Amino acid sequence: VQLSFAQSLKKHVASLVGIPFETVEALKDQPMTPTMLENYSSSWFQPPESSAPTLRDALIDTAAKALVHDPTFYASTVYEQEIVSSRSSSVFLITDWRYKVEYCYFKTLEQQGRIKLHTCRVINKNAQPIDVPSERNLDGHLPQYIIQPSQQSVSTIILYYGAAYHLFHFTG
């Protein structure tokens, strides 16, 4: 079962701004409409620098607000609401890890014998380099496995290591 830390964040922000959850991804880099801004205006934790904030700004802001109170908020939410309550599978794949604290949260669960954790890094030579701190927080993490698409060479792995994606797969 594929899971995402961001799914609950996106659902929450969609409800705050008054749009369907299914439209968040398509709209996140466009300026928020006046109605969206009005709906979200009282929720700003740190108002954006731009005079035309995007839905991405609202997502980042909402996440910051939650994480300042509990750095494991999204990791624990996924574990408690999706994994513990799941009856459909015992294998889960979380593709949007960003922070070491999320890894540490699940590593602790593994040490407690509650899950078996496998860490992978997918090398994507076509990924644009991103310098946002949250996108780089796991760059120093050494995964158990490196996944390389068959059309990429070993030298490509070394060259694009910093722009890799992190996948964490575990059994509940």
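If you're wondering where the values come from, they're calculated on a predicted model, not measured in any experiment.
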> Taking atom OH of Tyr103 and atom CG of Leu138, what is their separation to the nearest 0.5 Å?
Replying inline: 10.0 Å

> Which pair of heavy atoms, one from Val68 and one from Phe45, lies closest together, and at what distance?
Replying inline: CG1-CZ, 3.7 Å

>> Are there over 12 heavy-atom neighbours, none belonging to Glu38, within less than 6.0 Å of that residue's CD?
In response: no

> What distance do Glu22 atom CD and Lys11 atom NZ have between them, rounded to the nearest 0.5 Å?
Replying inline: 9.0 Å

> Do side-chain atoms of Glu110 reach the backbone of Leu117 as a donor and acceptor pair under 3.5 angstrom?
Replying inline: yes

>> Between Asn39 and Leu16, is there a side-chain heavy-atom distance shorter than 4.5 Å?
In response: no

>> Do Thr119 and Trp97 make a side-chain contact, defined as non-hydrogen atoms from C-beta onward lying under 4.5 Å apart?
In response: no

> Hey, what do you get for CE (Met36) to CD1 (Ile19), rounding to the nearest 0.5 Å?
Replying inline: 4.5 Å

>> Apply side chain to side chain contact (heavy atoms under 4.5 Å, CB included) to residues Tyr79 and Arg114 and explain how you reach the verdict.
In response: CA-CA 11 Å; Tyr79 179 71; Arg114 298 164 84 180; 3.5 Å; yes

> Shared ILVMFWY cluster between Tyr145 and Leu142, side chains joined below 4.5 angstrom?
Replying inline: no

>> When you group the ILVMFWY residues by side-chain heavy-atom contacts below 4.5 Å and let the links chain together, are Val1 and Ile115 in the same group?
In response: yes

> Which atoms form the tightest heavy-atom contact between Val24 and Ala14, and what is the distance?
Replying inline: CG2-CB, 3.7 Å

> Hey, are the side chains of Ile83 and Leu3 touching, using non-hydrogen atoms and a 4.5 Å cut-off?
Replying inline: yes

> Do you know the tightest heavy-atom contact between Tyr74 and Ser8?
Replying inline: CD2-OG, 3.7 Å

>> To check you understand the geometry: which heavy-atom pair defines the closest contact between Ala66 and Phe73, and what is its length?
In response: CB-CD2, 3.9 Å

>> Using 0.5 Å steps for rounding, measure from the CZ atom of Phe106 to the OG1 atom of Thr72.
In response: 9.5 Å

> How many angstroms lie between NE2 in His118 and CD in Gln144, if you round to the nearest 0.5 Å?
Replying inline: 6.5 Å

> Do Gln7 and Phe21 come close enough that some side-chain heavy atom pair is under 4.5 Å?
Replying inline: yes

>> Quick check: closest heavy atoms across Pro53 and Pro48, and the distance to 0.1 Å?
In response: CB-CG, 3.5 Å

> Do Thr77 and Phe5 have side-chain heavy atoms sitting under 4.5 Å apart?
Replying inline: no

> Heavy atoms, side chains only, cut-off 4.5 Å: are Trp44 and Asp57 in contact?
Replying inline: yes

> Does the side chain of Lys10 reach to within under 4.5 Å of the side chain of Leu59, using non-hydrogen atoms?
Replying inline: yes

>> Can you give me the closest heavy-atom contact between Ala26 and Gln30, atom names plus distance?
In response: O-NE2, 3.6 Å

> Considering only heavy atoms from C-beta outward, does the side chain of Leu67 approach that of Val101 to under 4.5 Å?
Replying inline: no

> Say you draw a straight line from OG of Ser4 to CD of Gln2; how long is it, rounded to the nearest 0.5 Å?
Replying inline: 8.0 Å

